[in-house]
Structures are given as C-alpha cells and as structure tokens.
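Lettering of chains follows the sequences in order, A, B, ..., and the numbering in each one begins at 1. Small disclaimer: the values here were computed from a predicted structure and weren't measured.
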There are 2 protein chains.
Amino acid sequence: MHLPDKTIERLSQYRRNLLIILAKGKEFIFSHEIAQLLHITPVQVRRDIMLIGYNGTLRRGYDIKELIDLIGIIIDTDEGQNVCIMGLGNFGKAILNYFAGKRPKLKIVAAFDINPEKIGHLYAGVPVLHVDELSAKIISLNISIGIITVPFDKALETANLLVDCGIKGIVNFSSKPLNLPEHVYLEEFDMITSIEKVAYHTKRN
Amino acid sequence: MHLPDKTIERLSQYRRNLLIILAKGKEFIFSHEIAQLLHITPVQVRRDIMLIGYNGTLRRGYDIKELIDLIGIIIDTDEGQNVCIMGLGNFGKAILNYFAGKRPKLKIVAAFDINPEKIGHLYAGVPVLHVDELSAKIISLNISIGIITVPFDKALETANLLVDCGIKGIVNFSSKPLNLPEHVYLEEFDMITSIEKVAYHTKRN
DNA sequence: CAATAATTGTTAATAAGATAACAACAAAAG
DNA sequence: CTTTTGTTGTTATCTTATTAACAATTATTG
Ligand SMILES: NC(=O)c1ccc[n+]([C@@H]2O[C@H](COP(=O)([O-])OP(=O)(O)OC[C@H]3O[C@@H](n4cnc5c(N)ncnc54)[C@H](O)[C@@H]3O)[C@@H](O)[C@H]2O)c1
Ligand SMILES: NC(=O)c1ccc[n+]([C@@H]2O[C@H](COP(=O)([O-])OP(=O)(O)OC[C@H]3O[C@@H](n4cnc5c(N)ncnc54)[C@H](O)[C@@H]3O)[C@@H](O)[C@H]2O)c1
C-alpha cells in the first residue's frame, strides 16, 4: 500500500488529537469533527481514512480507538523504534520534555553531548551520555533514528557520525542543511522559515 | 505578483544560506550550487528565481547580494515587523537564542511569561515581561507577529489574547491546534509529526 | 412506514507543485 | 573564427494533492 507523504503527516496529527479526545471519553467521531480540529476539509479526512483502508460506520462516524490503532500499525513498527538526541541544549531539552512518555512505540532512549557537566545525569528520565559512546550505544540500545540539535558548526560531523553508526533516519533541527547518503531518510525543519512565511503573509493589510 | 507558498518557503531558505555564503566572500552562485545546498533540483531554483522576476547572468550565475536583497523586498516590509514570544520555557529560550540578531527586519522585541522569577530580566537581549502588559506593549512596541510556546493547556487563552490585541499572524509551537479568525495568519508546527514521518519511512529496510 | 436528513466511500475534476525539455546565448577551447 | 560546453529562462509535461460531486445507506422525523 502506497500512501502519499501528506497523508502520513496528517495521520500523525489525527492520532495525536484522537488520543486526547479518546481520553476525554468520546468513542466515535465524524470526519467533519476531525477536520475542524486541524483546519482541513472533511473530504480530506475521509480520503485519508479511505487510503489506509479503514471503514467507519454510516451516521455514527469512526471508532476512535480502532482508528488510532490502525494509524499505529501504519506508522509504528511492532517492536517500536528507539531514538537518540544529539546535543542537549535548550532545544534538545524542550524536545525531551515534550516527547517524554508520549509515544510508546517511539522512545528517546539517550541524549548525547560533549559537555562534561551534562554527562552522567538523567534529563526527563533519559540518560545523558558522551558522544564517544555513540557507536556502542546505537547498537546496544538498538537506536535507529537520531535527532540533531547541536550547534550549527557541529551539525555536519554529528550527522556523519550517526550515518557511520548505521542510523536509518535523521531529524535535523540544526540550521545546517545536510547532505546525506540516499539510504538515510532525512527530515529538516527551520523555524525561521515558518516565521518568515507568516511575515510574508501579514505584509498586506 | 502571486507567489506559490512553497516558493516563499524556499526563498527563505535560499536567503539564509546565501547570507552564509556571501559572508565567506563568494559573489556569484549557480542554480545547481543552491540546489545542492537544499537537496532540490537546479530547475526548481531557477523557476523560483524566475517567479520573483530576478535575472542572473548567463554563465556567471546569480549575484548573491542582489538576490538576497530581492528576497528581502519580497518577504520583509520596509520598516520591518516586530515579533513577541509567549512563554519563555526551554523552547522559547531556544528560539530567542537562535533568532537573536539574525533577521534585521524581523525582531523579537519582547517575551511574555507569568512566572515572576523570569519577569523583569533580559534573555538573549530581549526583555521578559508579564502577560498583563501584553495589550499595552503590542501597541507601544508595534508587534504584529506572535510566537506561542506556552504549555498545551494555556495555548488557547494565549492565542485569544493575541488576537484580541490585534495581532496579524501567529506561529503556534504549542501542541494545541488553534482555530483562529480568518484575518489572522496561522502557521503551526509539531515535531512529533516530523519524527513520526521519519519513523514511517525507516520502517522498511 | 414514508420522507427527510446526515454521513460515509469513492470516483471524477481541478489545482498546485515539480520536473523535463529546450532555445538562447555567453564563455572557453581549439 | 568556429565549435563545444555550460548555464539561464521559460514553456510544456507530468505528478501529487485537494476539492467537488454524488451514490449508497442508515438514522431520525413526521
Ligand atoms: N531549526 C530550528 O528551528 C532551530 C531553532 C532553534 C535552534 N536551532 C538550532 O539548534 C541548535 C541547538 O540550539 P540550542 O539553543 O539548543 O543550542 P545550545 O547551545 O543550547 O545547545 C547545544 C548543545 O549541543 C552540545 N554539543 C556541542 N557540540 C556537540 C557535539 N559535537 N556533539 C554533541 N553535542 C554537542 C552542547 O554542549 C550543548 O549542550 C543550534 O544549531 C541552533 O541554531 C534550530
Ligand atoms: N511543536 C513542537 O514541536 C513542540 C516541541 C516542544 C515543545 N512543544 C510545546 O511547547 C510548549 C512549551 O514547551 P517548553 O518545553 O518550553 O515548556 P516550559 O514549561 O519549559 O515553558 C512554558 C513557559 O510558559 C510559561 N507560561 C505558562 N503559562 C503562561 C501564560 N498563560 N502566558 C505566558 N506564559 C506562560 C511558563 O512560565 C514557562 O516559562 C508546550 O506546549 C510543549 O508541549 C512543542
């Protein structure tokens, strides 16, 4: 089954929001309710759900629990994947706090840094280790995804290190665009782009 | 002139990278060099540049300085826009550090929080103020864009506050999706989506 | 029980975005 | 001076993404 990239992004958002709604005790949800949550159209929601092969109930909507589980089957692996974070500065800490315990199948199991004051402690329940240990720990902790939040001028060497250690995917939040080998999946984000987009769109008026 | 949304995003990225290259002393650049930086195709670059009406020189490429200036005319206003950040936690601090002095036409001029220990100080050169002052300061500091980094359960009231104060655009990094009036431009980002996208794409192999 | 309203699932149509193709031409090489 | 090479600018094509349209069907209303 091939799924469009944008559908994957929305599935992730659906799940995050459905989990919250489920926790409030709601059992079924209509496409237009999901749509309203994410400022998209109900058709879009129904189409995505169609693509993953799920069927709702006419006039009752979608079973929230079932939908969440199915999204899990699509995004997650059975055993789950382990994640590490490179660079425990403000940004890295924000990510750890935010992520902690949120996704059972996607665990941040270690943070790597070079600052001796940070190493050896736990942060948000996650051990902070020295970068020298990376190679060994990626294997022993079975880490397949790395998040890069080191300073600009350390991003390249950090990425190379991860690649050499056999990482499968990287999320790069450092502002240095990376050029990775094809077999490593890369996702980059820079908030300056977000903010400048808003700046552009608020120019008029 | 109408520009596609994706082109705006890329223009922002072009500029960020061109500024770095300019600082290194390079004066001209080819489309394929820009393309390589951002993992896109040279055609894409040329097309974007065409859309903004800039002309390079055949076989010399684009004048980096001119290109940067033109992108500035498109994204920025002449006087610049002022930005505030709501919630100075780890995430807010990371943004302030990162942004500080980086974009002359897009200044973060205040951070708002409710924690008395934070208020009254400077962080990364930016004054930390109490949320109660928001309404007055948005006017006196001429703030038109707000960045939300308050906790999940405070995001809605914070957004409403900004809207009531006449904000023109919001970047929402809190994990709570917002429903804003049409005249306020909204940009949202959640890193869980980025990470889960990587998780999905690294499932196979 | 008939009529109406609401909702899904799916195909068809449209729109947005990316890539390919190539003419034009300037610089470099021969 | 002629040919080759490299690069831009632009149109045409292809691909991906979104929206519209509507049949099917179930619940609700009268
Ligand atoms: N993409 C975005 O939107 C965005 C936003 C904010 C910051 N950033 C970028 O993220 C990065 C981190 O920002 P921050 O505010 O957390 O910075 P920071 O300085 O607070 O943290 C960086 C951390 O990395 C550690 N470090 C340095 N070299 C290292 C190495 N070789 N290996 C491992 N760890 C190393 C440092 O000890 C420090 O703890 C910067 O590049 C910044 O520009 C990006
Ligand atoms: N979108 C993402 O990718 C992403 C990533 C990390 C964190 N987050 C979210 O960002 C938010 C902030 O994360 P953090 O790690 O910085 O949290 P934090 O707890 O460190 O910081 C929150 C700050 O907001 C302040 N605050 C609380 N209520 C406020 C109010 N009403 N007005 C103004 N300030 C107020 C607090 O005093 C604190 O300083 C959270 O909602 C978190 O879930 C999102």
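- Within a 6.0 Å sphere centred on NZ of B/K102, other residues, nucleotides and ligands contribute more than 12 heavy atoms.
- Sequence order on DNA chain D of the closest nucleotides to B/P42 and A/R46 puts B/P42 first from the 5' end.
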The contact string for nucleotides 15-20 of chain D, one letter per nucleotide 5' to 3', using protein heavy atoms under 4.0 Å with B, S and - for base, sugar-phosphate only and none, comes out as --SSBB
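- Atom CG in A/N55 sits roughly 11 Å away from atom C1' in C/dT10 (whole-Å rounding).
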What pairs of nitrogen or oxygen atoms, one from the protein and one from nucleotides 4-6 of chain D, lie under 3.5 Å apart?
from, atom 1, to, atom 2, distance (Å)
D/dT5, O2, B/R59, NH1, 2.6
D/dG6, O4', B/R59, NH1, 3.2

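- For the pair A/N172/A/L180, no side-chain contact is recorded, criterion being any heavy-atom separation below 4.5 Å from C-beta on.
- The aromatic rings of A/F189 and B/F173 sit perpendicular to each other, their planes meeting at more than 60°, with 30° as the lower class boundary.
- If you take CD on A/Q44 and OG on A/S31, they are separated by 11.5 Å, rounding to the nearest 0.5 Å.
- Summarising the geometry, the separation between CE on B/M50 and C1' on C/dT19 is reported as 13 Å, rounded to the nearest angstrom.
- Per the geometry, OH belonging to B/Y62 stands 11 Å off P belonging to D/dT7, to the nearest Å.
- A search for side-chain contact (heavy atoms from CB on, under 4.5 Å) contacts involving A/T193 returns A/D190, B/E9, B/S12, B/Q13, B/R16, not counting sequence neighbours.
- One atom, CD1 of B/I52, and another, C1' of D/dG9, lie 13 Å apart when rounded to the nearest Å.
- Look at CD1 on B/I34: it is 13 Å from P on D/dT7, rounded to the nearest Å.
- The interatomic distance linking A/I49 (CD1) with C/dT8 (P) rounds to 8 Å, in whole Å.
- Here the side chains of B/L11 and A/Y200 are not in contact, with every heavy-atom distance at 4.5 Å or above.
- Using modelled atom types, one side-chain atom of A/K168 and one backbone atom of B/T202 make a donor-acceptor pair closer than 3.5 Å.
- When all heavy atoms of B/G72 and B/R15 are compared, the pair lying nearest together is CA-NH1, 3.4 Å.
- One atom, CZ of A/F28, and another, C1' of C/dT7, lie 14 Å apart when rounded to the nearest Å.
- Taking a cutoff of 4.0 Å between a charged side-chain nitrogen and a carboxylate oxygen, B/K197 and A/D5 qualify as a salt bridge.
- The distance from atom CG of B/L51 to atom P of C/dA16 is 14 Å, rounded to the nearest whole Å.
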